[in-house]
Amino acid sequence: MAATFPTLKSGAVAQYPATKAIRYSTYVVRFLDGSDQRYRQFTPPLRRWTIKLDMLDEAELSALEQFFMAQQGRFETFAFVDPWTQATIASCSLDQDSLEFSLSGEALGATSLVVVENRT
């Protein structure tokens, strides 16, 4: 069974402000006469979410750290619920091999993760 990105105590996977990007991949072949031909390298767009989290308690930070370690950074795949559409994206991965987080007081933890959709 595939892993699922952890939710916060509120049930959300992200906080405001959150960032989402959509990426297409179009290959362009340019000919000597100046014309070109275009085609998609992959049909559906790929999505990318930057998840910045603040005011986390120790349990939430620990859950995120354990998830990161279980994923081995960018190595494993997991399911992710898109915060905008609430649709579950079945094949995602982290876009980083290191995780930094801070804890400056009770319920004052912070971290940032980037989730990318994988081509299936």
Side-chain angles (χ1 to χ4, degrees):
M1 186 162 104
T4 302
F5 191 85
T7 58
L8 303 174
K9 288 183 178 179
S10 66
V13 295
Q15 298 171 332
Y16 293 110
T19 304
K20 178 180 177 179
I22 298 173
R23 179 179 153 232
Y24 288 96
S25 181
T26 304
Y27 188 73
V28 179
V29 177
R30 299 210 188 275
F31 299 102
L32 292 174
D33 67 359
S35 64
D36 58 45
Q37 181 178 10
R38 299 166 187 265
Y39 62 92
R40 296 234 187 261
Q41 288 183 302
F42 50 87
T43 303
L46 294 179
R47 293 166 279 198
R48 174 187 184 99
W49 301 267
T50 301
I51 310 296
K52 294 181 181 178
L53 301 169
D54 294 313
M55 298 179 63
L56 303 177
D57 65 21
E58 292 84 354
E60 291 170 315
L61 275 178
S62 178
L64 287 164
E65 180 181 23
Q66 289 173 13
F67 176 77
F68 182 84
M69 290 174 60
Q71 296 307 302
Q72 300 176 46
R74 295 183 284 184
F75 186 71
E76 296 288 342
T77 62
F78 55 89
F80 179 75
V81 176
D82 184 330
W84 279 265
T85 65
Q86 300 306 306
T88 300
I89 312 305
S91 181
C92 294
S93 58
L94 296 170
D95 194 30
Q96 59 204 71
D97 280 327
S98 63
L99 175 66
E100 294 182 24
F101 57 90
S102 63
L103 183 62
S104 57
E106 188 175 330
L108 292 175
T111 191
S112 179
L113 296 141
V114 177
V115 176
V116 293
E117 181 180 17
N118 299 320
R119 278 183 269 180
T120 54

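Just so we're clear, the structure is a prediction, and the values are computed from it rather than from any experiment.
- Smallest separation of non-hydrogen atoms from Pro45 and Ile22: CB-CG2, 3.3 Å.
- Considering all non-hydrogen atoms of both residues, Leu113 and Phe5 come closest at CD1-CZ, 3.8 Å.
- Between atom NZ of residue Lys52 and atom OH of residue Tyr16 there is a gap of 16.0 Å, rounded to the nearest 0.5 Å.
- The aromatic rings of Trp49 and Phe80 sit tilted, their planes meeting at an angle between 30° and 60°.
- Applying the 6.0 Å contact sphere to CD of Gln86 captures more than 12 heavy atoms from other residues, nucleotides or ligands.
- When the ring-ring contact (aromatic ring centres under 6.0 Å, His included) test is applied to Tyr39, the partners found at least two apart in sequence or on another chain are Tyr27.
- Closest of all the heavy-atom pairs between Leu53 and Ala14 is CD2-CA, 4.1 Å.
- Taken to the nearest 0.5 Å, the CG atom of Leu64 stands 6.5 Å off from the CG atom of Leu56.
- Rounded to the nearest 0.5 Å, atoms CZ (Arg74) and CG (Asp95) are 6.5 Å apart.
- Atom CD of residue Glu60 and atom CE of residue Met55 lie 10.5 Å apart, to the nearest 0.5 angstrom.
- Side-chain atoms of Glu76 never come within 3.5 Å of backbone atoms of Ala70 as a donor-acceptor pair (strictly under, hydrogens ignored).
- Under the 4.5 Å side-chain contact rule for hydrophobic residues, Leu61 and Ile51 share a cluster.
- A continuous path of ILVMFWY side-chain contacts below 4.5 Å connects Phe67 to Leu99, so both sit in one hydrophobic cluster.
- Residue Lys20 holds its NZ atom at 3.5 Å from CG of Asp82, rounded to the nearest 0.5 Å.
- A chain of hydrophobic side-chain contacts below 4.5 Å, direct or via other Ile, Leu, Val, Met, Phe, Trp or Tyr residues, connects Trp84 to Ile89.
- The distance from the CG atom of Leu46 to the CG atom of Asn118 is 8.0 Å, given to the nearest 0.5 Å.
- Arg48 and Val116 get closest at one heavy-atom pair: NH1-CG1, 3.7 Å.
- For the pair Phe78 and Ser93, the tightest heavy-atom approach, listed with the atom from each and the gap, is CE2-CA, 3.4 Å.
- The shortest distance between side-chain heavy atoms of Phe75 and Asp97 does not fall below 4.5 Å.
- The two residues Ala79 and Thr88 have their closest heavy-atom pair at CB-CG2, 4.0 Å.
- Counting heavy atoms from C-beta outward, Val115 and Leu94 have side chains that approach closer than 4.5 Å.
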Evaluate Phe101 against Leu103 for side-chain contact (heavy atoms from CB on, under 4.5 Å), listing each step before the verdict.
CA-CA 7 Å; Phe101 57 90; Leu103 183 62; 5.7 Å; no
